[in-house]
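Take a look at the structure set out below.
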Amino acid sequence: MTTEKFREIARDLGADLVGVAPVERFAVFAPEANPLAIQPQTHSVIVLGFSIPRGALQGLEHATADYTLGSGIPTTLSIETTYQCCRRLEDEGWEATPLFRQSGDMRRQGVRVSPDKPEPNVIVEFDFAAHAAGLGEIGRNKLFLTTEFGPRQMFTLILTDAELAPDAPFSGTVCDDCGACAEACPAGALDASTLQRVPLCKGQAAWYPLHIESCRVCRTGTTRLPYSTDSEPFRLGAACGRACVAHLEDSGMLSRKFASPFRPEKGEA
Ligand code: SF4
Ligand code: SF4
């Protein structure tokens with residue numbers, strides 16, 4: 001199985017984005033967050049991305065239907081595609097472990113079975129993986145941004161012993177530090193006066209410090225991600241996420257184009 005062949009299969013099955021990172025790029029993580037603690041023979045971490053339709057944000061954007069985003073989150077497709085990709089890898093004799101995003105607060109909720117193993121659950125950092133697999137970067141609003149969809153996607157992972165040729169870690173720029181996400185937040189939960197920095201496999205992520213307790217009670221459009229206990233609400237539909245969609249599209253920074261702007265000028269709609 002080559003990376004290009006796998007990419008073709010995954011796209012045919014419904015993935016919009018496909019990236020591969022060698023497991024060595026996760027060496028910065030303790031066993032509690034390291035893929036090798038789940039599947040010790042892992043060579044490659046595959047990241048699959050599934051776009052969330054822009055139109056799914058419109059009910060929130062116009063404050064007329066707060067359920068539209070939930071309708072647009074590709075839960076069924078992402079599960080089915082990830083499962084079928086695992087089957088295709090295992091058809092060729094490679095083991096494939098599917099992972100769906102889980103909340104970090106599920107770590108250390110079980111009993112260590114031996115001194116050399118971490119306490120369950122081991123939770124892999126998806127945004128780190130997506131950067132390591134070349135798919136994009138974490139923006140100042142702490143949402144993952146890709147050059148095609150901005151913040152409008154969700155990810156699944158596959159751990160496999162297949163030695164797939166890796167993609168380079170992302171080295172471009174999507175976020176331009178415009179501050180629109182922070183300005184849009186009615187609670188002032190993003191502090192644009194400073195940056196919180198976190199090491200990546202190459203370089204650092206930097207985002208505005210986020211007061212997550214405000215997000216937990218935010219009424220502008222937070223939602224739950226599927227198969228997560230929701231320690232951090234999913235903020236794409238909230239004011240901070242939608243402001244980012246509007247800014248990145250208006251700035252021409254995304255490769256995915258639409259016939260109409262996300263936010264028409266007043267009188268244009
Ligand atoms: S989710 Fe709500 S409170 Fe949190 S940063 Fe976004 S707009 Fe602000
Ligand atoms: S709104 Fe601007 S500063 Fe905030 S994440 Fe998007 S591009 Fe970056």
Side-chain angles (χ1 to χ4, degrees), residues 17 49 51-52 54 56-70 72-73 101 103-105 126-128 130-131 135-155 170-198 200 203-226 228-258 261-263:
L17 305 166
S51 64
I52 295 169
R54 191 183 79 169
L57 296 169
Q58 290 296 353
L60 289 162
E61 181 69 7
H62 296 284
T64 51
D66 60 8
Y67 57 82
T68 57
L69 177 55
I73 293 181
R101 190 187 285 263
S103 168
D105 68 352
F126 274 44
D127 289 348
F128 178 98
H131 170 270
L135 296 183
E137 66 167 354
I138 301 170
R140 296 290 192 259
N141 56 7
K142 205 171 174 245
L143 292 172
F144 197 87
L145 309 179
T146 64
T147 53
E148 185 159 7
F149 304 112
R152 290 189 301 104
Q153 63 267 303
M154 58 177 288
F155 296 111
F170 186 76
S171 58
T173 303
V174 187
C175 176
D176 62 357
D177 201 10
C178 71
C181 48
E183 281 172 31
C185 174
L190 285 160
D191 177 4
S193 67
T194 183
L195 290 176
Q196 182 172 343
R197 297 180 189 277
V198 172
L200 298 169
Q204 293 181 322
W207 59 74
Y208 304 145
L210 176 64
H211 186 251
I212 195 67
E213 295 309 320
S214 298
C215 305
R216 291 186 209 286
V217 295
C218 178
R219 295 294 186 89
T220 68
T222 56
T223 188
R224 288 167 183 254
L225 265 179
S228 169
T229 55
D230 197 25
S231 90
E232 286 200 16
F234 185 48
R235 293 178 295 109
L236 169 63
C240 56
R242 286 182 281 112
C244 188
V245 171
H247 169 73
L248 292 176
E249 289 195 7
D250 290 349
S251 307
M253 295 163 94
L254 304 184
S255 60
R256 179 59 59 98
K257 306 294 183 192
F258 291 88
F262 179 62
R263 287 181 173 168

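Read the numbers this way: they start at 1 and go in the same order the structure lists the ligands and their atoms. All values below were derived from every heavy atom in this structure, side-chain atoms included, with hydrogens, water molecules and symmetry-related copies excluded.
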Mind jotting down which residue pairs meet the salt bridge (Lys or Arg N to Asp or Glu O under 4.0 Å) criterion with at least one end in residues 58-70? Sequence neighbours excluded, please. Glu61-Arg242, Glu61-Arg263
Protein N, O or S atoms at less than 2.8 Å from atom 6 (Fe) of ligand 2, how many? 1
Contact atoms of ligand 1, heavy-atom distance to Ala238 under 4.0 Å: 1 (S), 6 (Fe)
Polar side-chain atom of Arg235 near backbone of Asn141 as donor-acceptor pair, under 3.5 Å: yes
Ligand-side contact atoms (ligand 1) for residue partner Thr222, heavy atom cut-off under 4.0 Å: 1 (S)
Going by side chain to side chain contact (heavy atoms under 4.5 Å, CB included), Phe170 matches just one of Leu135, Thr146, Ile138, Thr147. Which one? Thr147
Ignoring hydrogens and angles, tell me if any N or O in the side chain of Gln153 forms a donor-acceptor pair with the backbone of Phe144 under 3.5 Å. yes
Atom 2 (Fe) of ligand 1 has as its nearest protein heavy atom Cys218 SG, 2.3 Å
What atoms of ligand 2 come closer than 4.0 angstrom to any heavy atom of Gly179? 2 (Fe), 3 (S)
Take every heavy atom of Tyr208, measure it against each atom of ligand 2, and state whether any distance is under 4.0 Å. yes
Which is it for Thr220 and Leu60 under the side-chain contact (heavy atoms from CB on, under 4.5 Å) test, yes or no, and what are the steps along the way? CA-CA 7 Å; Thr220 68; Leu60 289 162; over 6 Å; no
Out of all atoms in ligand 1, which are within 4.0 Å of some heavy atom of Arg235? Include the element for each. 1 (S)
Heavy-atom count check: over 12 atoms from other residues, nucleotides or ligands less than 6.0 Å from Phe258 CZ? yes
Heavy atoms, side chains only, cut-off 4.5 Å: are Val245 and Leu254 in contact? no
Is it true that a side-chain atom of Thr68 and a backbone atom of Ala56 form a donor plus acceptor pair closer than 3.5 Å? yes
Using a 4.0 Å heavy-atom cut-off, which part of Leu210 comes near ligand 1: side chain, backbone, both, or neither? side chain
Quick test: of every protein heavy atom, which one is nearest to atom 8 (Fe) of ligand 1, and how far off is it to 0.1 Å? Cys185 SG, 2.3 Å
Under 4.0 Å to a heavy atom of Asp177 - the qualifying atoms of ligand 2, by number: 3 (S)
At less than 4.0 angstrom from any non-hydrogen atom of Thr220, what atoms of ligand 1 do you find? 2 (Fe), 7 (S)
Inter- and intrachain pairs under salt bridge (Lys or Arg N to Asp or Glu O under 4.0 Å), touching residues 179-193, at least two apart: none
Please write down residue, atom name and distance for the protein heavy atom closest to atom 4 (Fe) of ligand 1. Cys215 SG, 2.3 Å
Do Pro233 and Ile212 come within less than 4.5 Å of each other through their side chains, counting heavy atoms only? yes
Closest heavy-atom contact between Ala206 and Leu195? CB-CD1, 4.0 Å
Within less than 2.8 Å of atom 6 (Fe) of ligand 1, any N, O or S from Cys240? yes
Hits for salt bridge (charged side-chain N to carboxylate O under 4.0 Å, His left out) against Asp177, two or more places apart or cross-chain, chain-then-number order -> Arg140
